[in-house]
Each structure stands twice: as structure tokens, then as C-alpha cells.
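All remarks here apply to the structure that follows.
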Amino acid sequence: MECVVQGIIETQHVEALEILLQGLCGVERKSLKVHELCLKSGPNLGSEASEVRLLCDLEQPEPAWTVRHVGGSMRGAGADQISVLVRNMVESKISKNVLKLFYLLGYKLDHEHLRVGFAFHFQRRGAQITVTVSSVSKMLKLHATEDTVPVTPGIQMVEVTAPASAENYSEVAAAVSAFCEYLAPLLHLSKPGNATGVVPTAAAAAASLMSYGGTS
């Protein structure tokens with residue numbers, strides 16, 4: 001399982017967000033460049049639609065592949081009372097032949113995009129939290145990661161995730177929620193699927209952070 005929230009931020013305020021995250025997380029940021037392919041099952045795999053995502057980490061000396069399947073989210077009164085989405089998730093490392101394998105299984109490429117940015121990985125209140133900040137671009141040609149255009153120019157995606165289990169998801173969700181409160185001056189974070197916009201006062205908060213960070 002994993003706990004997750006998402007939001008967006010204007011590109012002009014990303015540097016201020018990085019300064020804030022650096023101070024909060026206490027670790028160095030990691031560069032992010034991921035080629036993500038979304039595959040959907042063909043009719044020969046049963047009546048239930050199936051979707052998997054193949055992630056190729058282009059920051060590694062040799063591109064490293066991961067297969068990721070996101071299942072259903074937790075529902076009910078308990079889920080409604082927490083501010084993060086708790087969902088099932090299976091992830092595994094896999095060889096570079098993964099795309100050919102899924103094509104042979106009957107999956108079809110639905111769409112692909114490139115995510116470029118940075119990530120922070122750290123521990124907070126017993127939870128292993130990852131914050132990613134990235135721009136999302138689409139390929140102009142199939143698999144052409146060097147020939148892309150931004151999906152949302154001037155806007156970047158922010159995602160906060162943490163692995164959890166059926167036994168500790170409430171504690172992990174609380175840790176993620178508490179951490180996200182520190183980011184509130186710059187962006188709204190909410191469950192995936194819930195529409196969020198930019199924070200009206202983000203410019204003032206960013207200016208203050210930039211000054212405090214000694215960059216202006």
C-alpha cells in the first residue's frame with residue numbers, strides 16, 4: 001500500500017520550494033528523469049481492464065526499469081476522514097525487455113511521457129517519505145525522450161508518497177499530512193483526482209523563502 005497526495009506549483013516558484021524542502025528534509029535532492037509508459041490490457045486478457053506503468057530511470061548509467069501497478073483505493077468512513085489517499089500498489093524491478101514482454105502478453109501502449117525534476121527521500125515520524133517535483137512532457141514521436149513538449153507549460157507536478165501496510169497506514173497517513181502542512185504556503189496538496197489550483201499567496205511566500213535562503 002501507499003499513501004499519496006498531489007498538487008501543482010508554478011515553475012517560477014520551484015526554486016523556493018526546493019529551498020524549503022532542503023531545510024525540512026535535511027538530505028540532498030536527487031535528480032529525476034523518468035520515461036513513463038502506460039500500458040492497458042487487450043481484450044484477450046479478460047473482461048476487467050488492467051493498467052500497468054513502466055518506469056525507465058534515465059538518470060542511471062544504464063537505464064533501470066520498474067513495473068508498477070496501482071490498485072484500488074481504500075474506501076469507507078475511515079478513508080474519508082484522512083486527507084491522503086491510501087491505495088494498493090505493487091512495484092518491482094524488471095529487465096530492459098519488459099516492454100516486449102507486456103506486448104506479448106497482449107498489452108497496448110496507451111500513452112507515454114517524460115518527467116524531469118528532482119526528488120527528496122527521507123524519514124519522518126516512522127514513515128519513508130518521497131517528495132517529487134517534476135515537469136511533465138509528451139513525446140512528439142514514439143519513445144523519443146529527447147523530442148518532447150511540456151504538457152502544462154509553466155506548471156510542475158508535486159507528489160508526496162510513502163509506503164504503508166494494512167497495520168500502519170493510519171500512522172503513515174498522519175506523518176504525510178503533518179509534513180504537507182509545512183508546504184502549505186507554496187502549494188495545495190490533496191488526494192489524486194481532487195482538483196487543486198495554485199496558491200494565491202505563493203509569490204509572497206516564495207519571495208520570503210528566497211530571501212531567507214540567501215539567494216536574493
Side-chain angles (χ1 to χ4, degrees), residues 1-38 52-70 84-87 89-94 112-138 145-146 148 150-152 154-164 172-173 175-192 196 198-199 202 206 209-210 213 215:
M1 302 176 75
E2 72 173 356
C3 297
V4 55
V5 290
Q6 295 176 340
I8 58 173
I9 188 170
E10 292 174 304
T11 300
Q12 60 184 325
H13 302 323
V14 166
E15 186 177 355
L17 177 60
E18 182 183 351
I19 291 172
L20 178 59
L21 288 170
Q22 185 73 65
L24 291 172
C25 304
V27 296
E28 291 298 319
R29 78 169 206 168
K30 301 291 185 182
S31 295
L32 181 76
K33 187 176 184 181
V34 176
H35 179 196
E36 183 169 333
L37 302 95
C38 177
V52 296
R53 292 182 180 272
L54 306 181
L55 312 176
C56 183
D57 185 353
L58 300 176
E59 279 293 324
Q60 301 299 320
E62 290 291 332
W65 287 88
T66 300
V67 58
R68 178 181 173 91
H69 172 71
V70 176
V84 309
L85 183 73
V86 182
R87 63 190 182 190
M89 187 273 292
V90 178
E91 188 174 272
S92 178
K93 299 295 183 183
I94 199 165
E112 62 180 334
H113 59 257
L114 184 71
R115 295 173 55 209
V116 178
F118 59 87
F120 286 91
H121 307 279
F122 59 99
Q123 185 165 339
R124 178 68 62 91
R125 293 173 55 177
Q128 295 290 336
I129 299 176
T130 296
V131 181
T132 60
V133 183
S134 60
S135 60
V136 181
S137 299
K138 62 182 179 180
T145 56
E146 301 305 321
T148 64
V151 174
T152 54
I155 295 291
Q156 296 202 24
M157 171 73 73
V158 181
E159 186 174 69
V160 182
T161 62
V172 173
V176 171
S177 295
F179 175 77
C180 289
E181 290 179 4
Y182 293 107
L183 308 182
L186 286 176
L187 73 156
H188 296 298
L189 289 164
S190 62
K191 298 177 182 180
T196 58
V198 297
V199 176
L209 283 164
M210 295 290 285
T215 58

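Worth knowing before you read on, the calculation uses all heavy atoms, side chains too, and leaves out hydrogens, waters and symmetry mates.
For Leu189 against Gly7, the heavy-atom pair with the smallest separation is CD2-N, 3.6 Å. Between Gly126 and Gln123, the shortest heavy-atom distance links the atoms CA-NE2, 4.0 Å. Across Ala162 and Val176, no two heavy atoms sit closer than the pair CB-CG2, 3.8 Å. Closest approach of Arg124 and Tyr182 over heavy atoms only: NH1-CE1, 4.0 Å. Between Arg125 and Ala178, the shortest heavy-atom distance links the atoms NH1-CB, 3.0 Å.
Within the 4.5 Å cutoff, the side chain of Val158 has no heavy atoms near those of the Leu186 side chain. Between Ile94 and Leu54 the shortest side-chain heavy-atom distance does not fall below 4.5 Å. Leu20 is listed as a side-chain neighbour of Leu183, based on a closest heavy-atom distance under 4.5 Å. Val84 has its side chain out of reach of Val160: every pair of non-hydrogen atoms, C-beta onward, lies at least 4.5 Å apart. Residues Ser134 and Val116 are not in side-chain contact: their nearest non-hydrogen atoms beyond the backbone lie 4.5 Å or more apart. Counting heavy atoms from C-beta on, the side chains of Ile8 and Val198 come closer than 4.5 Å. Glu159 places a side-chain heavy atom less than 4.5 Å from the side chain of Val4. With a 4.5 Å cut-off on side-chain heavy atoms, Thr152 and Val136 do not count as touching.
Each of Met157, Gln156, Arg115 was scored for a side chain to side chain contact (heavy atoms under 4.5 Å, CB included) with Ser135, with one residue passing: Gln156.
To the nearest 0.5 Å, the span separating NE2 on His13 from CG on Leu209 amounts to 11.0 Å. Taking CD of Gln22 as the start and CZ of Phe120 as the end, the distance is 4.5 Å to the nearest 0.5 Å. Residue Ile9 holds its CD1 atom at 9.0 Å from CD1 of Ile155, rounded to the nearest 0.5 Å. Once rounded to the nearest 0.5 Å, the distance linking CD of Glu2 with OG1 of Thr130 reads 9.5 Å. Atom NE2 of His113 is separated from atom SG of Cys38 by 9.0 Å, given to the nearest 0.5 angstrom. The distance from the NE2 atom of His121 to the CD atom of Gln128 is 10.5 Å, given to the nearest 0.5 Å.
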_Using salt bridge (Lys or Arg N to Asp or Glu O under 4.0 Å), reason through Glu15 and Arg29 one step at a time and then give a plain yes or no._
CA-CA 12 Å; Glu15 186 177 355; Arg29 78 169 206 168; over 6 Å; no
*Could you go step by step and tell me if His35 and Glu112 meet the side-chain hydrogen bond (donor to acceptor under 3.5 Å, both in side chains) rule?*
CA-CA 7 Å; His35 179 196; Glu112 62 180 334; 2.7 Å; yes
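Glu36 places no side-chain N or O within donor-acceptor distance of the main-chain N or O of Cys56, the cut-off being under 3.5 Å. Using a distance-only test at 3.5 Å, with no hydrogens or angles considered, no donor-acceptor pair links the side chain of Arg53 to the main chain of Val70.
Residues meeting the side-chain hydrogen bond (donor to acceptor under 3.5 Å, both in side chains) test with Thr161, sequence neighbours left out: none. By the side-chain hydrogen bond (donor to acceptor under 3.5 Å, both in side chains) test, Glu59 is found to be paired with no residue, residues two or more places apart in sequence or in another chain being considered. In terms of the ring pair (Phe, Tyr, Trp, His ring centres under 6.0 Å) criterion, residue partners of Phe122 (sequence neighbours excluded) are, by chain and number, Phe179.
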